[in-house]
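Everything below concerns the one structure shown next.
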Amino acid sequence: MLTEERYQVILDYLSKHDAVTVTQLTGLLNSSESTIRRDLNVLNEEGKLRKVFGGATSIQQKIVNVGDEKVSSREMVMRREKERIGKYAATLINDHDFIYIDSGTTTACLVDHITNRNATYVTNGVSHALKLLRKGLNAYLVGGKIKPVTEAIVGAEGIRSLEGYNFTKAFMGTNGIDIQAGFTTPDVEEGRMKERAVGQSYTAYVLADHTKFRRVFPVTFSPLDTCCIITDHIPEGDFSEITVIKEVSE
């Protein structure tokens with residue numbers, strides 16, 4: 001195959017899949033790894049793709065999603081996957097942990113599965129706090145402005161209330177996961193709350209089903225390598241080379 005033909009195959013693949021590994025391309029093009037790496041270097045220099053460790057990603061302009069949906073319209077979407085993720089995440093809670101639970105429908109499934117009564121829980125989710133209270137758990141609700149759409153505490157007061165905490169673990173929600181943009185969310189105030197919570201935590205887990213991958217929203221609250229991901233399915237690409245990902249099977 002001619003060099004220009006290989007270039008076109010690579011770019012066509014990226015237009016459909018967003019990311020590709022060197023190993024995938026060696027099989028697809030029946031070429032050596034050294035040839036593929038040279039091709040990727042050339043295409044990267046020409047600005048036609050973004051070369052990353054072990055492969056390449058597309059540089060096509062991503063659709064930036066704007067706006068937040070109501071909790072009531074999101075809670076049944078990917079419900080089975082969220083339940084699996086939440087159930088597994090609950091097993092990570094140990095006695096005497098000081099836990100932060102972010103607002104969101106996937107983290108709500110985590111709350112449903114919590115059984116450890118020897119940990120302490122802090123949340124910015126109003127409905128999460130009520131669930132924790134009904135379970136008889138030691139729980140705190142951070143103070144601040146209530147955002148009606150997501151039923152979350154946000155704003156400067158909320159951020160200040162988190163500054164005095166040092167969490168052993170944080171369980172975060174997200175709207176989008178992208179290799180370059182990181183973990184993203186539509187709202188600035190909610191994004192800053194998430195950023196502060198991650199920063200105050202020894203270990204942070206992002207709970208997200210597979211539909212959140214390769215989606216980008218206006219506000220980044222953390223790079224990928226700062227948080228571990230718990231998901232139902234790991235998509236193709238270099239996500240696993242950037243951070244720890246736990247795939248929760250049926």
Side-chain angles (χ1 to χ4, degrees), residues 82 85-147 150-177 181-185 187-208 212 217 219-231 242-246 248:
K82 291 175 181 178
I85 293 166
K87 185 176 182 179
Y88 173 81
T91 67
L92 301 176
I93 298 173
N94 300 318
D95 289 352
H96 311 301
D97 264 340
F98 191 48
I99 301 290
Y100 180 78
I101 304 176
D102 189 23
S103 63
T105 56
T106 309
T107 52
C109 292
L110 159 66
V111 175
D112 291 338
H113 289 283
I114 289 175
T115 58
N116 194 313
R117 294 182 173 274
N118 297 315
T120 299
Y121 304 92
V122 179
T123 184
N124 74 323
V126 176
S127 60
H128 294 18
L130 290 173
K131 286 183 177 183
L132 292 167
L133 180 66
R134 290 169 186 149
K135 283 174 170 275
L137 302 174
N138 188 24
Y140 294 83
L141 177 65
V142 300
K145 182 176 73 175
I146 300 176
K147 181 182 174 184
T150 58
E151 300 175 4
I153 303 295
V154 298
E157 286 298 319
I159 292 172
R160 275 195 290 270
S161 70
L162 290 179
E163 290 174 351
Y165 294 132
N166 297 293
F167 302 109
T168 56
K169 297 181 180 82
F171 294 97
M172 308 299 299
T174 190
N175 296 81
I177 303 174
F183 300 105
T184 59
T185 192
D187 183 77
V188 173
E189 287 188 314
E190 200 153 0
R192 297 291 78 86
M193 280 288 288
K194 291 174 182 288
E195 181 180 42
R196 174 56 65 182
V198 170
Q200 299 296 124
S201 304
Y202 181 74
T203 303
Y205 300 91
V206 171
L207 280 53
K212 304 295 179 63
F217 287 77
V219 182
T220 295
F221 65 87
S222 175
L224 290 193
D225 60 2
T226 304
C227 306
C228 304
I229 301 173
I230 304 174
T231 187
I242 297 173
T243 190
V244 175
I245 304 181
K246 171 62 180 179
V248 184

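No hydrogens, no waters, no symmetry mates; every other heavy atom, side chains included, goes into these values. All values reported here derive from a predicted model rather than from experimental measurement. This chain uses plain numbering: 1 for the first residue, then up along the sequence.
Side-chain atoms of Thr185 and Asn175 form a donor-acceptor pair, as typed in the model, at a separation below 3.5 Å. At a cut-off of 3.5 Å, with distance as the only test, no side-chain donor of Asn116 or Asn94 sits close to an acceptor on the other residue. Using modelled atom types, one finds a donor on one side chain and an acceptor on the other under 3.5 Å when comparing Thr150 with Glu190. Between the side chains of Thr105 and Lys82, at least one donor-acceptor pair of N or O atoms lies under 3.5 Å. Using modelled atom types, one finds no donor on one side chain facing an acceptor on the other under 3.5 Å when comparing Ser103 with His128.
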Go through Thr168 and Thr203 one step at a time and tell me if the side-chain contact (heavy atoms from CB on, under 4.5 Å) criterion holds.
CA-CA 6 Å; Thr168 56; Thr203 303; over 6 Å; no
One pair to check against side-chain contact (heavy atoms from CB on, under 4.5 Å): Asp187 and Phe217. What are the steps and the verdict?
CA-CA 9 Å; Asp187 183 77; Phe217 287 77; over 6 Å; no
Ile114/Leu132 under side-chain contact (heavy atoms from CB on, under 4.5 Å): CA gap, chis, key distance, verdict:
CA-CA 9 Å; Ile114 289 175; Leu132 292 167; 4.2 Å; yes
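Counting heavy atoms from C-beta outward, Tyr205 and Cys227 have side chains that stay 4.5 Å or more apart. Taking the side chain as every heavy atom from C-beta outward, Lys147 and Glu189 never approach each other to under 4.5 Å. Between Val142 and Leu162 there is a side-chain heavy-atom pair separated by less than 4.5 Å. Here the side chains of Phe98 and Asn166 are not in contact, with every heavy-atom distance at 4.5 Å or above. Looking at heavy atoms from C-beta onward, Phe171 lies out of side-chain contact with Val206 at the 4.5 angstrom threshold. Looking only at side-chain heavy atoms (C-beta outward), Thr107 and Thr123 stay at 4.5 Å or farther from each other. By the 4.5 Å heavy-atom criterion applied to side chains, Ile229 and Val244 are not counted as neighbours. Residues Thr120 and Asp97 fail the side-chain proximity criterion, which asks for heavy atoms closer than 4.5 Å.
Closest non-hydrogen pair, Leu141 versus Gly125, comes out as CD1-O, 3.9 Å. Between Met193 and Ile153, the closest heavy-atom pair is CE-O, 3.3 Å. Nearest approach of Asp112 to Lys131, heavy atoms of both residues: OD1-NZ, 3.0 Å. Closest heavy-atom contact between Arg192 and Phe221: NH2-CA, 4.5 Å. Of all the heavy atoms in Thr174 and Lys212, the pair that sits closest is O-NZ, 3.1 Å. Nearest heavy-atom pair, Ile93 versus Ala119, reported as atom, atom and distance to 0.1 Å: CG2-CB, 3.8 Å.
Between the Asn118 side chain and the His96 main chain, no donor and acceptor come within less than 3.5 Å of each other. In this structure, the side chain of Thr231 engages the main chain of Ala208 through a donor-acceptor pair within 3.5 Å. No donor-acceptor pair closer than 3.5 Å links the side chain of Arg196 to the backbone N or O of Ser161. The main-chain N or O of Val219 is never found under 3.5 Å from a side-chain atom of Thr184 such that the two would form a donor-acceptor pair.
Once rounded to the nearest 0.5 Å, the distance linking OG1 of Thr106 with CE of Met172 reads 12.0 Å. Taking OG1 of Thr226 as the reference point, atom CD1 of Ile242 lies at 11.5 Å (rounded to 0.5 Å). Atoms CD1 and CG, from Ile99 and Asn138 in turn, are 12.0 Å apart once rounded to the nearest 0.5 Å.
The 12-atom threshold is not exceeded at NZ of Lys145, counting heavy atoms of other residues, nucleotides or ligands nearer than 6.0 Å.
Residues satisfying the ring pair (Phe, Tyr, Trp, His ring centres under 6.0 Å) test with Tyr100, not counting sequence neighbours, are Phe167.
Under 4.0 Å is where a charged nitrogen must lie from a carboxylate oxygen, and between Glu157 and Arg160 at least one such pair does.
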